[in-house]
Number of protein chains: 2
Amino acid sequence: MTAEKPVRRRDAEATRQSLVEAAAELFAERGYDRTTVRAIAARAGVNQALLFRYFGSKTALFGEVVALDGRRQLRETPAESLLEAALRNLLTPVGDAPGDRSLEVFLRSVGGDDEAARTSRRLTEEYAGVLAGLSDAEDAELRSALVLAWLLGIGLTRVVVRQEPLAGADPEHVCRLMLDAARTLLERLP
Amino acid sequence: MTAEKPVRRRDAEATRQSLVEAAAELFAERGYDRTTVRAIAARAGVNQALLFRYFGSKTALFGEVVALDGRRQLRETPAESLLEAALRNLLTPVGDAPGDRSLEVFLRSVGGDDEAARTSRRLTEEYAGVLAGLSDAEDAELRSALVLAWLLGIGLTRVVVRQEPLAGADPEHVCRLMLDAARTLLERLP
DNA sequence: ACGCGATGTAAGCACCTGCTTACAAAGACG
DNA sequence: CGTCTTTGTAAGCAGGTGCTTACATCGCGT
């Protein structure tokens with residue numbers, strides 16, 4: 001996919017990519033509202049007018065970030081492992097693994113009722129849908145929604161609020177406690 | 001405490017009160033960031049310069065709101081009932097009961113690392129402390145933090161994101177599912 | 001070699017934010 | 001009545017926001 005031409009000093013695709021990457025980082029760090037287009041352009045090392053040339057608006061760029069990067073974990077993980085994988089991902093410090101940070105983006109961007117918030121909400125619906133397959137109960141969807149809510153709450157406390165003792169706790173320990181309790185709700189959890 | 005003088009057309013205490021009430025509503029509805037001082041003053045029917053005369057800054061007003069209103073439920077509820085009470089409060093539509101909306105304020109205001117965010121975080125530490133008394137396990141504090149995280153996650157999904165099926169679910173049903181699972185963690189839950 | 005579209009840039013616009021200031025009016029008190 | 005503090009108001013400031021515009025420059029196709 002690389003090396004079509006040896007060197008390109010002007011490269012629309014590359015600057016587009018830089019913008020998407022910078023935006024993904026910043027949205028995960030600060031959420032949608034608190035991320036400015038100037039900050040995105042600066043981190044990408046790109047003039048901010050280009051952001052609007054390539055994406056049209058800050059909201060549209062946000063949509064692209066969620067669409068491109070946000071569904072990796074969802075795509076690559078089987079249902080039975082999804083909860084544990086997402087939980088471990090949330091519990092692993094960002095520097096230590098390349099992990100999917102889409103839930104962080106979500107957590108930091110809820111609250112508005114604008115297009116960006118709606119975009120990130122759609123992502124959690126997909127998680128809930130997958131999780132619902134892990135129970136045969138009549139209220140499987142409510143059960144999966146409750147478990148997902150727990151995951152989000154843990155993420156909120158751990159990554160956004162950084163509140164002890166959860167923030168510093170051993171991921172294994174947290175996993176065990178949480179998954180044991182969650183099995184009360186979704187009987188097919190491993 | 002009322003009726004010192006029959007009628008006061010100019011009343012600093014009353015306008016202060018109006019500002020606190022308007023601010024409490026708006027912070028719960030929109031969170032700290034998305035609430036403007038102009039909106040607070042408008043809802044209070046008061047000139048916005050008075051907000052600064054009486055409170056000094058938007059942040060200080062936020063602190064007053066959390067301090068005055070935010071600890072009601074915490075003060076008035078015994079530990080064993082706190083989780084269920086807070087959960088029911090979160091699950092009850094705002095119009096239907098006068099309830100304490102401090103957790104909503106918290107949920108909508110996390111994300112920043114400014115003074116306002118810190119103020120609202122302190123509140124959740126108090127919840128966690130009370131909940132930790134419900135287990136004799138060595139890791140009682142982690143367990144209570146996990147349960148609190150669940151509560152916050154449910155609140156996030158229900159009041160902030162308003163996502164089905166949790167948003168429209170029967171409060172009794174949700175309570176039963178959640179409390180059953182939470183007993184795995186805190187053995188003294190009723 | 002050169003024209004022209006693709007790419008990058010500097011400046012600025014219109015609006016919103018928290019907060020301040022200079023001033024008007026109301027009421028208490030002599 | 002006249003003064004003086006308390007309460008309320010209108011206007012605006014400095015800085016930040018998303019986004020636009022007018023223009024410079026690069027490099028590919030001919």
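Chain letters run A, B, ... following the sequence lines, proteins first and then strands; every chain starts at 1. Just so you know, these numbers use all the heavy atoms, side chains as well, and skip hydrogens, waters and symmetry mates.
Side chain of A:Ala49, nearest nucleotide from C:dT7, D:dT21, D:dG8: D:dT21. Candidate nucleotides D:dG8, C:dC19, D:dT20 were compared by shortest atom distance to the side chain of A:Phe52, and D:dT20 ranks first. Listed candidates were D:dT7, D:dG18, C:dG8. Nearest to the side chain of A:Tyr54 is C:dG8.
At a cut-off of 3.5 angstrom, the base of D:dG8 holds at least one donor-acceptor pair with the side chain of B:Arg53.
At the heavy-atom level, B:Thr35 lies under 4.0 Å from the strands shown only through sugar-phosphate atoms.
Atoms CD (A:Gln48) and C1' (D:dT21) sit 12 Å apart, rounded to a whole Å. The distance between atom CZ of B:Arg38 and atom P of C:dT17, rounded to the nearest whole Å, is 7 Å. When the C1' atom of C:dT17 is taken as reference, atom CD1 of B:Ile40 falls 12 Å away, rounded to whole Å. One atom, CG of B:Leu50, and another, C1' of D:dA11, lie 15 Å apart when rounded to the nearest Å. Summarising the geometry, the separation between CZ on A:Arg16 and C1' on C:dG8 is reported as 16 Å, rounded to the nearest angstrom. At whole-Å resolution of the value, NZ in A:Lys58 and P in D:dG18 are 4 Å apart. We find that CZ of A:Phe55 is positioned 16 Å from C1' of D:dG18, with the value rounded to whole Å. Rounded to whole Å, the distance from CG on B:Asn47 to P on C:dG18 is 15 Å.
In this structure a side-chain-to-backbone donor-acceptor pair under 3.5 Å is missing from A:Arg108 to A:Phe27. In this structure a side-chain-to-backbone donor-acceptor pair under 3.5 Å is present from B:Arg158 to B:Leu91. Between the side chain of B:Arg38 and the backbone N or O of B:Gln48, no donor-acceptor pair lies under 3.5 Å.
Map A:Ala12 and B:Thr59 each onto its nearest nucleotide of DNA chain C; the residue landing nearer the 5' end is A:Ala12.
Contact check on B:Glu104 versus B:Arg101 returns a salt bridge, with a Lys/Arg side-chain nitrogen under 4.0 Å from an Asp/Glu carboxylate oxygen.
Nearest heavy-atom pair across B:Trp150 and A:Leu146 is NE1-O, 3.0 Å.
Residue B:Thr15 places at least one side-chain N or O closer than 4.0 Å to OP1 or OP2 of D:dG8.
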